[in-house]
Amino acid sequence: MFFTYLRRELRRRRKAALVVASGLALGIALVIVVTSVSAGMKQAQGKVLESLYGLGTDLTVTKAQERPAEGAQPARPRFEFQGGEDGEEQSGDRLMVQGFQTLADSTVATVAKQAGVGRAVGGLSLVNLKINGEFRRGQIQRGEGQSQGRPPGQGGTGGGPGDTVTGGGAAFDVDSFTLYGTDVTTPDLGPLTTSTVTEGRAFRTTETDAAVVVVDSAYAQQQDLAVGDELTVKGVTFEVIGIATADSGQSAAQVYLPLERAQTLSGSAGKVTTVYVEATDSTRIDAVKAAIQKNVPGTTVTTSADLAQTVSGSLDTAAGLASDVGRWLSYAVLLAAVLVAGLLTSSAVSRRVREFGTLKALGWKSGRVTRQVVGEALVHGVIGGALGIAVGLAGAYAVTAVSPTLTAELGASAGGFAGRGGGVVLGGPGGAGGPGAARTAAGRSVDIALTAPVSLTTVGLAVLLALAGGLVAGAFGAWRASRLRPADALRRVE
Amino acid sequence: MYELIGVTKQYRRGQARVDALAGIDLTIAQGDRLVVQGPTGGGKSTLLQMLGGLDRPTAGSVLLDGTDLAKLSESRLTAVRGQYIGFVFQSFNLIPTLTAQENVETALVPLGVKAAERRRRAAEALESVGLGERLAHLPSELSGGQQQRVAIARALVKRPQVLLADEPTGNLDESTRDEIADLLEGLWKEHGLTFVMVTHDSALARRAPRLATLRKGRVTVTENPKAAAPTGA
Ligand SMILES: Nc1ncnc2c1ncn2[C@@H]1O[C@H](COP(=O)(O)OP(=O)(O)OP(=O)(O)O)[C@@H](O)[C@H]1O
Ligand SMILES: [Mg+2]
């Protein structure tokens, strides 16, 4: 009788069932969409971080930032130009260590010896600056210099290749690209792991000091470089042996070369900028961090969690919205839906006072009547859950299909990542006014397409929520039904 | 069958107190047919609730075959209702979403009758009230008289000892009223039931062998030997 009665009620009171179910469905769909969008954001953030770190890297070790003395000049590239004749072209070429901070090679071995460290590999990040330009005497155009030049202190972020700086009566073309000296003997750790060689080949483990480079596909396209071409850096000719494509669309550097080559070329023999560390147990990263910090002085240890905190921009804002506002909003909607479902169920019981009273008069136990009410509410919950999951999946799918683009600003202020961005500081005097500013400016922005992956856990959560919603609604009704007196059956008016 | 001793029922609504029943002493023998009459608000429905174990008296005893219903627990009372007592209501009180047959079946659910047996007995009961062709009809697809027949089948399908009817013809037109009254009378005779019926209809009251009149919670019983034999039988 339970199922017959249940089936009949649901079929013949379809509209009421649908109202309760769609309320629950709305809440559940919202929870699914918000949860999956927020998972998508986490994934996007992970991708952004991975593009910096490389696969398998749990933390990085860099030189601790030294506090500059008050008023001290920050380390900054310097070009010495003579004030030549008007229009006379001059040029300079500098290969510099990004972030101007290095660690000794031996640090890699020291770090590797620490408890919990699986492997460690060093890398050297460089930036090559080439400046071509001329002084124009008497060409100072009042106001124009202001409007064309960037406002002080804001100069760095976009300073890509080919920028023109006009100011102080000089016009210079700046051509810069980033280089990364990679330990070719450990090809499966470090930033290059997030790139795939799509043309040519990767480094051989024997090419520790070879004059060969792997070029990032975006840079190769821009510079019209192909496998077999030559690339000159600081007077040394390199052969392009491979083109690498960054998996996330964001490469760690534009040109990769063997570490030893990079060290000699930049005059920083025996130095690295970053040690990439793989922990033996990825759940104990904090302990590893503590161990390194304690036993390898003068270093900054950065975990991906630390790095994640430096991510800002629309991705971060959206992620924050999704995980805070969105989550609470969706739960609030769900709660409201459950409450409304409960009230509707309860009022449905009130409308059926005589019906339930009659059943009690016929000898139906209170529990049997209650079970009937709860059963109906549970089915409402299940229908709501099914609808909600369908709508939620459709919503998540729509987000993935549209894939709105979000921008992640990677502040490199987490120490070690200073300078490994694509941007280069080009501030005039009083521009980027110190290492801090320089570091911030050295951050970069990454565009990431947002997806909304729906996990089984999310669907499972939705099912649980639907059942819970049905149960809560049922409890409202049950409470109402259990208080009915059989004498209510004799009530003439409803 | 029934012995009511000093049954009192008071309803309280805020300050006001209503004595729906003010000390009723009444005996109803097994197989008796009692018609209850009286002005509105006289306490007729309240008396029926006491007899049917739908509510408990404020004071007094309602003895059914020696068991005091006033002292039974709610679940025992529910069991007594399910097993011994059949109800027919003025407004039929069918479950609107269930078919005629399923409505009749609901009375067998508390007795733990298996589904197949339930269906068979429900069909049989509907047949006996002349609705053998309407098993799958919903209440909304039946006329008032037909709905009341379904309700009667529901009351009798479990073969109760007592049939209680609160104005069973109150919502019906005159010709249907006579049909239902005849049906109830016939079934009473056939099953040897103890039958208590509340009615406003003096024509029906005249046919009763025993008449109880409730006025302001007090009862007066009149015997009517002329009507002892049911008409139309
Ligand atoms: N649940 C209740 N709460 C308060 N008062 C009630 C309740 N049920 C009945 N009463 C009161 O008790 C008195 C008797 O009511 P009852 O329903 O028994 O009368 P009745 O004889 O059946 O009347 P009617 O012919 O109109 O059906 C009335 O005054 C009624 O208002
Ligand atoms: Mg009444």
Side-chain angles (χ1 to χ4, degrees), chain A residues 1-20 345 347-373 375-377 379-380 477-479 481-494, chain B residues 9 11 44-46 48-50 52-56 74-75 77-99 101-115 118-119 138-140 151 154-155 157-158 160 164 166-167 170-171 198:
Chain A
M1 199 73 213
F2 174 78
F3 289 106
T4 310
Y5 194 7
L6 187 63
R7 218 170 47 235
R8 296 273 189 260
E9 279 301 315
L10 292 168
R11 193 181 315 157
R12 301 205 170 112
R13 295 193 215 266
R14 237 169 308 168
K15 246 190 227 150
L18 218 62
V19 168
V20 175
T345 307
S347 88
V349 170
S350 302
R351 264 183 284 113
R352 289 162 72 188
V353 161
R354 214 176 58 184
E355 177 174 334
F356 293 135
T358 303
L359 288 172
K360 284 189 173 182
L362 290 176
W364 280 45
K365 288 206 174 64
S366 224
R368 193 184 287 278
V369 174
T370 304
R371 207 178 330 149
Q372 208 68 42
V373 171
E376 280 176 36
V379 174
H380 292 161
W479 178 76
S482 68
R483 286 160 45 99
L484 293 179
R485 300 175 320 126
D488 290 328
L490 288 174
R491 274 208 218 161
R492 228 169 289 156
V493 272
E494 307 233 89
Chain B
K9 180 68 183 177
Y11 291 109
K44 306 183 291 295
S45 297
T46 309
L48 223 56
Q49 284 175 28
M50 299 303 135
L54 293 177
D55 208 344
R56 269 181 264 258
E74 189 55 52
S75 68
L77 210 52
T78 304
V80 166
R81 287 199 300 266
Q83 216 166 343
Y84 296 105
I85 297 163
F87 288 100
V88 176
F89 308 97
Q90 178 179 357
S91 39
F92 324 138
N93 290 22
L94 298 177
I95 311 301
T97 53
L98 295 181
T99 63
Q101 190 175 21
E102 287 158 356
N103 261 290
V104 176
E105 280 182 59
T106 56
L108 295 174
V109 168
L111 301 180
V113 181
K114 292 269 176 300
R118 237 167 33 210
R119 277 194 286 278
L138 288 175
S140 58
R154 179 177 65 184
V157 71
K158 63 186 170 196
L164 303 175
D166 195 350
E167 299 183 42
N171 278 8
V198 172

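Order of the sequence lines sets the chain letters (A, B, ...), proteins ahead of strands, with each chain counted from 1.
Here the shortest heavy-atom pairing between A/Gly363 and B/Pro110 reads O-CB, 3.3 Å. When every heavy atom of A/Ala361 is checked against every heavy atom of B/Phe89, the shortest pair comes out as CB-CZ, 4.2 Å. Contact detail for B/Arg118 and A/Met1: the closest heavy-atom pair is NH2-N, 3.4 Å.
Side-chain atoms of A/Ser366 and B/Glu74, non-hydrogen and from C-beta on, never get closer than 4.5 Å to each other. Between A/Arg368 and B/Thr78 the shortest side-chain heavy-atom distance does not fall below 4.5 Å.
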What verdict does the side-chain contact (heavy atoms from CB on, under 4.5 Å) test give for A/Arg485 and B/Leu54, after you've listed the backbone C-alpha separation in whole Å, the side-chain angles of each residue and the deciding distance to 0.1 Å? CA-CA 8 Å; A/Arg485 300 175 320 126; B/Leu54 293 177; over 6 Å; no
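With sequence neighbours excluded, the residues forming a salt bridge (charged side-chain N to carboxylate O under 4.0 Å, His left out) with A/Arg8 are B/Glu102, listed by chain and number. Not counting sequence neighbours, the partners of A/Tyr5 by the side chain to side chain contact (heavy atoms under 4.5 Å, CB included) test are A/Glu9, A/Arg352, A/Glu355, A/Phe356, A/Leu359, A/Trp364, A/Gln372, B/Ile95, B/Thr97, B/Leu98. Take B/Lys9 and apply the salt bridge (charged side-chain N to carboxylate O under 4.0 Å, His left out) test, not counting sequence neighbours, and it matches B/Asp55.
Heavy atoms closer than 4.5 Å to chain A are found nowhere in B/Ile85, neither backbone nor side chain. There is no contact between A/Arg11 and chain B, counting heavy-atom distances below 4.5 Å.
Put simply, the side chain of B/Arg81 gets close to the backbone of A/Lys360: a donor and an acceptor are under 3.5 Å apart.
Contact annotation for residues 12-19 of chain A against chain B (heavy-atom separation below 4.5 Å, listed by residue number): A/Arg12, A/Arg13.
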